[in-house]
Amino acid sequence: MQHRLRRKAVLDGKPFDAIIHEAALRIMVGDRAASRAQLSEVLEASEADNVTVRVIPFTEEGFAGAASAMLYAGGAVSKLDTVVRDGPNGAAYVDSEGQLGALRTLLRTLEAASLNPDRSRDLINRVAKEL
């Protein structure tokens with residue numbers, strides 16, 4: 001719990017964009033109440049001015065190659081960007097310009113496939129009610 005609070009403090013106020021596939025929203029973690037609570041946390045976080053949450057619905061088909069979790073940490077100097085991507089053997093850190101360019105393209109593809117933030121919140125609410 002303390003680790004999550006420290007992480008939240010580090011991110012507090014900084015721009016944070018999340019793209020989540022609908023499948024991740026529907027995975028039951030614990031029981032229904034716990035899953036609803038997690039979705040509620042996502043919705044609450046999405047109301048912050050610095051946070052954007054977008055959802056890729058099951059109906060969207062244009063996002064091949066995004067089968068794993070990815071954290072893209074970027075800033076004003078793109079050469080310093082770093083990506084952490086989950087893989088079968090653990091996390092992989094990517095910071096080469098060629099790979100970062102490919103991952104930036106993937107992120108643009110994912111963003112284009114996702115719902116806008118308002119429609120994303122509507123979908124998250126709908127999933128929570130279905131639990």
Just wondering, do [Y] and [X] contact through their side chains at under 4.5 Å, heavy atoms?
X: Val29; Y: Gln38; value: yes
X: Pro57; Y: Leu115; value: yes
X: Thr82; Y: Leu71; value: no
X: Ile19; Y: Glu111; value: yes
X: Glu22; Y: Glu60; value: no
X: Leu103; Y: Arg85; value: yes
X: Ile56; Y: Ile20; value: no
X: Met70; Y: Leu107; value: yes

Could you tell me whether a side-chain N or O of [X] sits under 3.5 Å from a main-chain N or O of [Y], the two making a donor and an acceptor?
X: Asp81; Y: Tyr72; answer: no
X: Thr52; Y: Asp17; answer: no
X: Ser46; Y: Leu43; answer: yes
X: Ser78; Y: Gly74; answer: no
X: Asp86; Y: Ala69; answer: no
X: Arg36; Y: Leu131; answer: yes

Q) Above 12 or not: heavy atoms from other molecules or residues under 6.0 Å from CD of Glu47? A) yes
Next on the checklist: Counting only heavy atoms not in Asp31 (residues, nucleotides, ligands), do more than 12 fall under 6.0 Å from its CG?
Outcome noted: yes
Spacing of [atom1] belonging to [X] relative to [atom2] belonging to [Y], to within rounding of 0.5 Å:
X: Asn125; Y: Ser120; atom1: CG; atom2: OG; value: 11.5 Å
X: His21; Y: Arg26; atom1: NE2; atom2: CZ; value: 10.5 Å
X: Arg32; Y: Glu130; atom1: CZ; atom2: CD; value: 10.5 Å

| request: Decide whether Leu39 and Met28 are clustered together by the hydrophobic rule: side chain heavy atoms of Ile, Leu, Val, Met, Phe, Trp, Tyr closer than 4.5 Å, transitively. | output: yes
Do Arg108 and Thr105 have side-chain N/O donor and acceptor atoms under 3.5 Å apart?
yes
Please evaluate residues Val53 and Val42 with respect to the criterion side chain to side chain contact (heavy atoms under 4.5 Å, CB included), reporting the C-alpha separation (whole Å), side-chain torsions for both, the decisive distance (0.1 Å), and the verdict.
CA-CA 8 Å; Val53 175; Val42 172; 4.1 Å; yes
Apply the test side chain to side chain contact (heavy atoms under 4.5 Å, CB included) to residues Val127 and Val55: give CA-CA distance (whole Å), side-chain angles for both, the deciding distance (0.1 Å), then the verdict. CA-CA 12 Å; Val127 170; Val55 176; over 6 Å; no
Salt bridge flag under 4.0 Å for residues Arg119 and Asp122:
no
